[in-house]
Amino acid sequence: MATGSARYVRYILVAFFILAVFYYVSNSADVSNLGTPIVNQGRASSGTTQHTSAGHTPKDSPNAAKVKTDYDASQFPMALTPNDPGWDDLSGIKPGPRMNATFVTLARNSDVWEIAKSIRQVEDRFNRRYNYDWVFLNDKPFDDTFKNVTSSLVSGKTHYGLIPEEHWSFPEWIDQDKAAKVRQDMKEAKIIYGDSISYRHMCRFESGFFFRQPLMMNYEYYWRVEPSVELYCDIHYDPFRFMHENKKKYSFTLSLYEYHETIPTLWDSVKKFMKNHPEHIAAGNSMAFLSDDGGETYNKCHFWSNFEIGSLNWLRSKAYIDYFESLDRDGGFFYERWGDAPVHSIAAALMLHKEEIHFFNDIAYYHVPFTHCPTGQALRSALKCHCNPADNFDWKGYSCTSRFFEVNHMEKPEGWEQEKN
């Protein structure tokens, strides 16, 4: 009798174990189980030839099982203001959905220690709780030091891409003698980066090719991070998710006027594009941000693109590709010194509805020589900022942020008048 009882107990224990394993496996495989912590893998992938269909997160990403767009946002509220629940919850892995998104950095091997500083800023202020991936791009192969240092700092998966030569060279239609003469003239005129060939390749690459790299085709949103930047305040929510839920396609923290000497004919090329492709110009656009006379001339306002969070699907759209190819054929990246910032900004202002462009006042950012420090003492305190509000560039005379607010009929943050001078 005792033997029979023991046998029944063993059967019950075995059955319980099988049920427990089944429950664990089924829940682990369910992508709707959004509260499961993400394991920090922090491993590197060379990724130079990796290519998957657009919109798919690599399976080995820590966030792969989290990427989900058909979730109920009310079940995972974001703490957008200090009054929202969860504002002070800045420890541990944040539960909830993740977007199909990545950080992206164009860097050289020699930038390793400067980009290491930027990564620590991003990780400490935001990504340690979200574990998003990071894509690094270079026109030369990344060395082991760069890979080891960066992969040890990133909480998500790191990927390293080699830019093809055709994306980092002179296109065949460029007159090399003419381009060389321009560089010499700009050098004599002491125009910043005026004689640099690599800077021109960088601007052209960021304008038309970074979002088409094989590794980037895995994602739908990007956050551009440069070497030597600072994030001065905590980030209490997921900006990628904010972009998705609010149907934003482009965002910025700083805006200013471009040097006229670097883009004398850029607007002529833009007007030619608008004439040839009126179907790409959005109704309710932000032309008033770019022009004071309805589009006849360009006022030089642009969003500073060394920080931007945006939609990769928009950049890969026919409208944007037509725009870039039209400008590229005109040769201004080499015959002048067109920057990717005005190129991106003009496209966003013309092709997107005003409501699709967002200003992140609560993301404090520095890239030499300008600072965006959130306006409002109460907000800065709530965000635990360490920036000096006197350094805030937003409301200075050379900034275009006031114009952005006026074009969008937005009320400026309380305290902006005190930061004008």
Side-chain angles (χ1 to χ4, degrees), residues 78-84 86-91 94 103 105 111 113-130 132 153 155 223-240 242-243 248 250-257 301-310 341 345 357-405 410-421:
M78 289 190 288
L80 299 176
T81 74
N83 298 323
D84 294 335
W87 178 264
D88 293 321
D89 182 13
L90 295 178
S91 62
K94 182 70 173 177
F103 295 96
T105 293
D111 294 324
W113 300 115
E114 296 307 312
I115 194 57
K117 296 176 186 177
S118 300
I119 294 171
R120 282 309 305 255
Q121 295 278 328
V122 172
E123 290 289 334
D124 291 349
R125 289 297 196 175
F126 167 71
N127 200 44
R128 63 186 173 84
R129 295 192 302 136
Y130 290 89
Y132 279 107
L153 295 173
S155 59
W223 181 334
R224 178 169 163 181
V225 180
E226 302 274 315
S228 306
V229 303
E230 290 193 55
L231 296 181
Y232 289 117
C233 309
D234 287 336
I235 300 173
H236 290 249
Y237 61 93
D238 185 347
F240 292 124
F242 177 89
M243 297 285 286
K248 305 292 185 181
Y250 191 83
S251 65
F252 71 102
T253 58
L254 286 161
S255 67
L256 65 157
Y257 294 93
C301 275
H302 67 283
F303 310 119
W304 221 25
S305 61
N306 47 64
F307 172 98
E308 55 186 10
I309 302 174
S345 302
I357 302 175
H358 182 67
F359 169 61
F360 277 110
N361 181 43
D362 50 2
I363 298 183
Y365 174 76
Y366 169 78
H367 183 290
V368 63
F370 299 118
T371 295
H372 164 64
C373 188
T375 300
Q377 179 57 50
L379 178 60
R380 288 192 296 272
S381 296
L383 292 170
K384 296 181 174 59
C385 302
H386 68 278
C387 53
N388 184 347
D391 296 332
N392 186 25
F393 182 69
D394 295 349
W395 317 113
K396 310 297 191 212
Y398 204 65
S399 171
C400 292
T401 300
S402 281
R403 177 183 293 272
F404 177 81
F405 272 70
M410 295 164 54
E411 184 176 349
K412 295 175 184 174
E414 183 179 353
W416 74 273
E417 297 95 340
Q418 286 73 48
E419 298 178 5
K420 288 175 62 176
N421 301 316

Centroid-centroid under 6.0 Å between W223 and F126 rings: yes

Donor-acceptor check, side chain of H358 to backbone of Y250, threshold 3.5 angstrom: yes or no? no

Could you go through L231 and Y365, starting from their C-alpha distance and side-chain angles, then the distance that decides it, and tell me whether this counts as side-chain contact (heavy atoms from CB on, under 4.5 Å)? CA-CA 5 Å; L231 296 181; Y365 174 76; 4.1 Å; yes

If you compare all heavy atoms of S228 against all heavy atoms of S118, which two are closest, and at what distance to 0.1 Å? N-OG, 2.9 Å

Nearest-0.5 Å distance that lies between atom CG in D88 and atom NZ in K384: 5.5 Å

In this structure, NZ of K396 is separated from OG of S402 (nearest 0.5 Å) by 11.0 Å

Counting heavy atoms not belonging to E414, are there more than 12 under 6.0 Å from its CD? no

Test of understanding: with salt bridge (charged side-chain N to carboxylate O under 4.0 Å, His left out), list the residues that count as partners of K412, not counting sequence neighbours. E406

Sequence neighbours excluded, the answer for side-chain contact (heavy atoms from CB on, under 4.5 Å) partners of S255 is F252, F289, F303, S399, C400, T401

Hey, is the main chain of F103 close enough, under 3.5 Å, to the side chain of Y132 for a donor-acceptor pair? no

For residues 229-240, the salt bridge (charged side-chain N to carboxylate O under 4.0 Å, His left out) pairs (sequence neighbours left out) are R125-D234

What are the two closest non-hydrogen atoms of H302 and S345, and how far apart are they? CB-OG, 3.4 Å

Does N361 have any side-chain hydrogen bond (donor to acceptor under 3.5 Å, both in side chains) partners at least two apart in sequence or in another chain, and if so, which? none

side-chain contact (heavy atoms from CB on, under 4.5 Å), paired with N127, selected from V122, I235, L153: V122

Is the backbone of W87 close enough, under 3.5 Å, to the side chain of H236 for a donor and an acceptor to pair up by distance? yes

H372 meets the side-chain hydrogen bond (donor to acceptor under 3.5 Å, both in side chains) criterion, sequence neighbours left out, with D394

Salt bridge (charged side-chain N to carboxylate O under 4.0 Å, His left out) partners of E123, counting only residues at least two apart: none

Report the residues that fulfil side-chain hydrogen bond (donor to acceptor under 3.5 Å, both in side chains) with Y237, sequence neighbours left out, ordered by chain and then residue number. D362

Shortest non-hydrogen contact from D84 toward M78: OD2-O, 3.9 Å

Could you walk me through whether M410 and F404 pass the side-chain contact (heavy atoms from CB on, under 4.5 Å) check? CA-CA 8 Å; M410 295 164 54; F404 177 81; 3.9 Å; yes

Exceeds 12 heavy-atom contacts within 6.0 angstrom, atom CD of E417: yes

With sequence neighbours left out, write down each residue that passes salt bridge (charged side-chain N to carboxylate O under 4.0 Å, His left out) with D124, or none if nothing qualifies. R120

Mind checking side-chain contact (heavy atoms from CB on, under 4.5 Å) for T105 and listing every partner two or more places apart, or none if nothing turns up? A107, I115, W134, F136, V225

Do the non-hydrogen side-chain atoms of Y130 and P239 ever get within less than 4.5 Å of each other? no

By side-chain hydrogen bond (donor to acceptor under 3.5 Å, both in side chains), which residues pair with E419, not counting sequence neighbours? T375, R380, N392

F370 CZ to L254 CG distance, which is reported to the nearest 0.5 Å: 8.0 Å

ring-ring contact (aromatic ring centres under 6.0 Å, His included) against Y232, all qualifying residues, sequence neighbours excluded: H386

Taking the side chain as every heavy atom from C-beta outward, state whether Y366 and C387 have any atom pair closer than 4.5 Å. no

Taking the side chain as every heavy atom from C-beta outward, state whether I309 and S251 have any pair of such atoms under 4.5 Å apart. yes

Answer yes if the ring centres of F360 and F242 are under 6.0 angstrom apart, and no otherwise. yes

Would you please name every residue forming a salt bridge (charged side-chain N to carboxylate O under 4.0 Å, His left out) with E114, sequence neighbours left out? K117

